[in-house]
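Structure, as structure tokens:
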Amino acid sequence: MRGLHSILCALACLLTAGCGLFGSDDEPEESPTAAKLVGRVASVHEADGFVLVQGFDDLKLGDGLLLSARGEGEQTATLVVTGERMGRYTAADLKSGSVSVGDSVYARPIEEESEMPATDAPIGLPTGGLGAE
């Protein structure tokens with residue numbers, strides 16, 4: 001009888017704990033402007049002030065798009081796409097920081113002009129944007 005009691009207690013514990021195993025339906029949606037992993041630093045040409053980014057998937061990095069490169073833990077560099085590309089490789093100017101081969105490269109998608117707040121100042125948006133070809 002004692003064995004049956006132990007089994008029933010263990011079963012009750014598993015059933016009540018199991019409710020939290022499947023996650024919650026109340027998870028927030030990812031922001032459309034959240035930074036997205038788009039590639040990795042393939043080579044660094046420090047003397048010339050640019051890097052080559054090996055893009056992931058079929059993403060096209062638009063001219064003038066601002067990128068961030070992160071190495072171990074913290075952001076290490078700010079990059080700007082130049083528009084020169086060959087296959088999966090895109091050139092980007094090194095604007096600040098330092099970067100190493102293998103660093104992760106992130107881009108933050110730009111909001112469409114219709115979603116941008118109205119201002120009197122001109123807004124210089126990069127051409128091409130971030131999206132699939």
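The two residues L61 and L67 make their nearest non-hydrogen contact at CD1-CD1, 4.3 Å. The two residues A77 and S98 make their nearest non-hydrogen contact at CB-O, 3.5 Å. Closest non-hydrogen pair, D103 versus G71, comes out as OD1-CA, 3.3 Å. L79 and A92 make their closest contact through CB-CB, 3.9 Å (heavy atoms, listed as atom of the first residue, atom of the second, distance). A pairwise comparison of heavy atoms in D63 and G83 identifies OD1-CA, 3.0 Å as the closest pair. A91 and F50 get closest at one heavy-atom pair: CB-CD1, 4.4 Å.
Between the side chain of T76 and the backbone N or O of A69, at least one donor-acceptor pair lies under 3.5 Å. Counting only distance, with no hydrogens or angles, the side chain of T78 and the backbone of K95 share no donor-acceptor pair below 3.5 Å. When atom types are taken as modelled, the side chain of R88 and the backbone of M86 share no donor-acceptor pair closer than 3.5 angstrom.
Once rounded to the nearest 0.5 Å, the distance linking CG of L94 with CG of D48 reads 11.5 Å. E46 CD to S100 OG: the interatomic distance, rounded to the nearest 0.5 Å, is 9.0 Å.
One hydrophobic cluster, built from ILVMFWY side chains closer than 4.5 Å, cannot hold both V81 and Y89; they sit in different ones.
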*Check the pair H45, L52 against side chain to side chain contact (heavy atoms under 4.5 Å, CB included), reporting the backbone distance first and the verdict last.*
CA-CA 8 Å; H45 304 270; L52 287 179; 4.2 Å; yes

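With a 4.5 Å cut-off on side-chain heavy atoms, V101 and R40 count as touching.
Applying the ring pair (Phe, Tyr, Trp, His ring centres under 6.0 Å) test to Y106 and every residue at least two apart in sequence or in another chain returns nothing.
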